[in-house]
Q: 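One structure is given below, represented as structure tokens, and several questions about it will come after.
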Amino acid sequence: MAGQPEQLVEAAHVPQAREAGPVKAEEPQPTAAPAPQIRGEAGGKPETPRRSNADEQPEARTPAAVDANQVAAHTHGIAEQDGPPAEYRDRIKAITDAFGTPDDAARLATAAVEAERIDQEFVARYGQQHPNTISLRELRGWLAYLQGQMGVAARWYLHTTGLQVQVWGNGHQVTQGSVQRTVHIWLSIPDAQESFSIGQELLTMLAAVTGESSDLFRMVRSRLESMGAQGGA
């Protein structure tokens, strides 16, 4: 699979907000999603690029992916360099600096457009299954989160988790941490219909990454069953 994910859903088609119900206090909580950090190169098989669209969000790919939040350097034979290529560092820093001003909608929008441009360049240069591309897409997910586009953010995180599975495997700490952050963001989706739809994809991903006996899998399954019983689907 190359370039952007197979199916893309425009943000404009996302249903309007509707309460999805609170999380029960006894439910296990996923790791909070920290602002992502762009990582260095780790090898990865280049693929034929396809252009992306700033108004599109990725389709989750299960279980195939790389979602790389805070990857531990030199883990499991991954030899990372210090950050992105030198010629991209200023551009990426401008994007990550926008994280510090979450109330500045114009700055976040500008950062999102720039991130989309760099995404295209990284796919052309490295392919989709490369740590630089994966990290950049995680930045795009975080920007969507800061812009209040919770469903878009959750799909980006599902997508990158899938890439991490392909590159590093289900059991790698990067993949494990990534899927936890995906759950955290999914819990923030206010629209019940959207949450239910994405939640089913998330449940499939959790089954592959954490197993059906994990607390996270059981929590998400229970929440989806509750939403279905309430007519949230």
Side-chain angles (χ1 to χ4, degrees), residues 1-8 30-31 33-52 57-85 88 92 95-96 115-116 118-144 153-186 201-211 214 216-217:
M1 180 63 189
Q4 283 293 95
E6 297 176 354
Q7 297 177 355
L8 300 168
T31 302
Q37 300 174 356
I38 194 79
R39 284 169 298 281
E41 300 185 12
K45 186 177 179 181
E47 298 181 337
T48 304
R50 286 156 89 190
R51 293 186 64 81
S52 58
Q57 57 177 307
E59 176 70 16
R61 296 173 53 190
T62 308
V66 174
D67 167 354
N69 265 328
Q70 298 179 325
V71 178
H74 312 298
T75 302
H76 288 241
I78 297 174
E80 294 193 337
Q81 299 178 1
D82 295 330
Y88 284 98
I92 289 174
I95 293 171
T96 58
E116 195 271 340
I118 298 176
D119 188 327
Q120 294 177 10
E121 294 172 26
F122 276 10
V123 169
R125 180 170 179 172
Y126 303 113
Q128 182 171 241
Q129 294 177 328
H130 189 281
N132 286 339
T133 308
I134 292 164
S135 297
L136 194 282
R137 289 184 174 182
E138 192 170 34
L139 296 185
R140 295 184 70 181
W142 188 253
L143 283 166
R155 286 196 179 279
W156 273 119
Y157 274 78
L158 269 173
H159 169 65
T160 52
T161 299
L163 292 174
Q164 289 169 339
V165 171
Q166 287 184 339
V167 175
W168 293 310
N170 295 336
H172 194 279
Q173 67 181 59
V174 170
T175 310
Q176 293 284 323
S178 177
V179 79
Q180 288 192 40
R181 284 181 284 273
T182 305
V183 174
H184 174 85
I185 290 176
W186 173 71
E201 299 172 43
L202 174 58
L203 195 66
T204 302
M205 181 71 77
L206 284 167
V209 175
T210 68
S214 70
L216 279 181
F217 178 90

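This is a predicted model, so every value here is computed, not measured.
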Q: How far apart are the closest heavy atoms of Pro131 and Trp168, and which atoms are they?
A: CG-CZ2, 4.0 Å

Q: Please report the interatomic distance CZ(Phe122) to CD1(Ile134), rounded to the nearest 0.5 Å.
A: 12.0 Å

Q: How far does CH2 of Trp186 sit from CG of Leu203, to the nearest 0.5 angstrom?
A: 8.5 Å

Q: Shortest non-hydrogen contact from Ala153 to Ile185?
A: CB-CG2, 3.9 Å

Q: Does any non-hydrogen side-chain atom of Arg137 lie less than 4.5 Å from one of Val123?
A: yes

Q: How long is the gap from CE on Met205 to OG1 on Thr182, to the nearest 0.5 Å?
A: 7.0 Å

Q: Keeping Thr175 on the side-chain end and Asn170 on the backbone end, is there a donor-acceptor pair under 3.5 Å?
A: no

Q: Rounded to the nearest 0.5 Å, how far apart are NE2 of His172 and OG of Ser178?
A: 12.0 Å

Q: How close do Gln176 and Val179 get, counting heavy atoms only, and between which atoms?
A: O-CG1, 3.3 Å

Q: Any non-hydrogen side-chain atom of His130 less than 4.5 Å from a side-chain atom of Arg125?
A: no

Q: Using side-chain heavy atoms (C-beta onward) and a distance below 4.5 Å, is Val183 in contact with Leu206?
A: yes

Q: Can you measure from OG1 (Thr204) to CZ (Phe217) and round to the nearest 0.5 angstrom?
A: 8.0 Å

Q: Should the pair Trp156 and His159 be assigned to parallel (<30°), tilted (30 to 60°) or perpendicular (>60°) ring geometry?
A: perpendicular

Q: Quick one: are Val174 and Val167 in side-chain contact, heavy atoms under 4.5 Å?
A: no

Q: Within the 4.5 Å heavy-atom criterion, are Ile118 and Leu139 side-chain neighbours or not?
A: no

Q: Measure the OG1-CD distance between Thr133 and Gln120 for me, rounded to the nearest 0.5 Å.
A: 12.0 Å

